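Written out below as structure tokens is the structure these notes cover.
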Amino acid sequence: MNSLTICSMFLGLILISQSPFAANATLLDLGGGGGVPLVSLLCDGSSNKVECSKVLSSPQTAQAKNWTELSKAVAEIAIKKAVEGEAFLKGLAQKSKSQVLDTCANSYSSLVVTFKFCWDFADGDPHTVSYDCVTAGDLLARCDGKVNPDVTAFNRQTKFLYGLLYETITQLPNYLTENQG
């Protein structure tokens, strides 16, 4: 990883550690099915509450009873978005014969695998989050502003989903237990 990536990850972890989610989850007893829906809690802390509510409007996310269920539901949405992005970018790359678009399409292929690792993490080892889920940001950076406005907009949507997924993962009991103190 280059120094910019390490710096970005460090800054992201600092911002996440300052997040009100952990305090609210404990305060509202959300792990045991408290009164505030998890999607509302997640979106209230989002940089774009309207987009968050729109993206997470599926019955599966709305019915999540704990962070594990919500994390898996958000991962499924992110996986679908990455598959859609891969097909979109491969189509553009074939039409334009662009090496940059081909690289972006390959990044989205890897992103599908990475999001699946994040999905698996919900029940797994907390050490995997530090590599498998964080690397998604690196993959998305490969397509940032390098092609055209449509690719940039699609990449921005996928990054937003990635941020939501990462927030849900940092609330999982196995992550919190492993990374506190």
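The model shown is predicted, which means the values in this text are computed figures rather than measured ones.
One finds the CG atom of L41 at 7.5 Å from the CD atom of Q171 (value rounded to the nearest 0.5 Å). How far OG of S107 is from CG of L89: 9.0 Å, rounded to the nearest 0.5 Å. Here S110 contributes atom OG and R142 contributes atom CZ; the two are 6.5 Å apart, rounded to the nearest 0.5 Å. Expressed to the nearest 0.5 Å, how far OG of S46 lies from CZ of F160 amounts to 3.5 Å. The distance from the CD1 atom of I169 to the CG atom of L164 is 11.0 Å, given to the nearest 0.5 Å. The NZ atom of K116 lies 12.5 Å from the SG atom of C118; values are rounded to the nearest 0.5 Å.
A donor-acceptor pair under 3.5 Å is absent between the side-chain atoms of S53 and the main chain of V50, judged by distance alone. Listed for the T61 side chain is a donor-acceptor partner under 3.5 Å among the backbone atoms of L56.
Minimum interatomic distance between L38 and K65 (heavy atoms only, all atoms of both residues): CD1-C, 4.0 Å.
In this view, Y108 and N155, T158 satisfy the side-chain hydrogen bond (donor to acceptor under 3.5 Å, both in side chains) rule, not counting sequence neighbours.
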Candidate pair L111 and Y162, rule side-chain contact (heavy atoms from CB on, under 4.5 Å), full reasoning: CA-CA 10 Å; L111 194 60; Y162 161 67; over 6 Å; no
Run L70 and V74 through side-chain contact (heavy atoms from CB on, under 4.5 Å) and show every step you take. CA-CA 6 Å; L70 184 58; V74 174; 4.0 Å; yes
Mind running side-chain contact (heavy atoms from CB on, under 4.5 Å) on F88 and V151 for me, showing each step along the way? CA-CA 9 Å; F88 169 65; V151 173; 4.1 Å; yes
Atom pairs and distances, donor-acceptor, side-chain atoms in residues 75-87, under 3.5 Å, two or more places apart:
residue	atom	partner	partner atom	Å
E76	OE1	Q60	NE2	3.2
E76	OE2	W119	NE1	3.3
K81	NZ	Q157	OE1	2.6
E86	OE2	K90	NZ	3.1
E86	OE2	S109	OG	2.5

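Residue pairs that meet the side-chain hydrogen bond (donor to acceptor under 3.5 Å, both in side chains) test with at least one member in residues 94-103, sequence neighbours left out, do not exist here.
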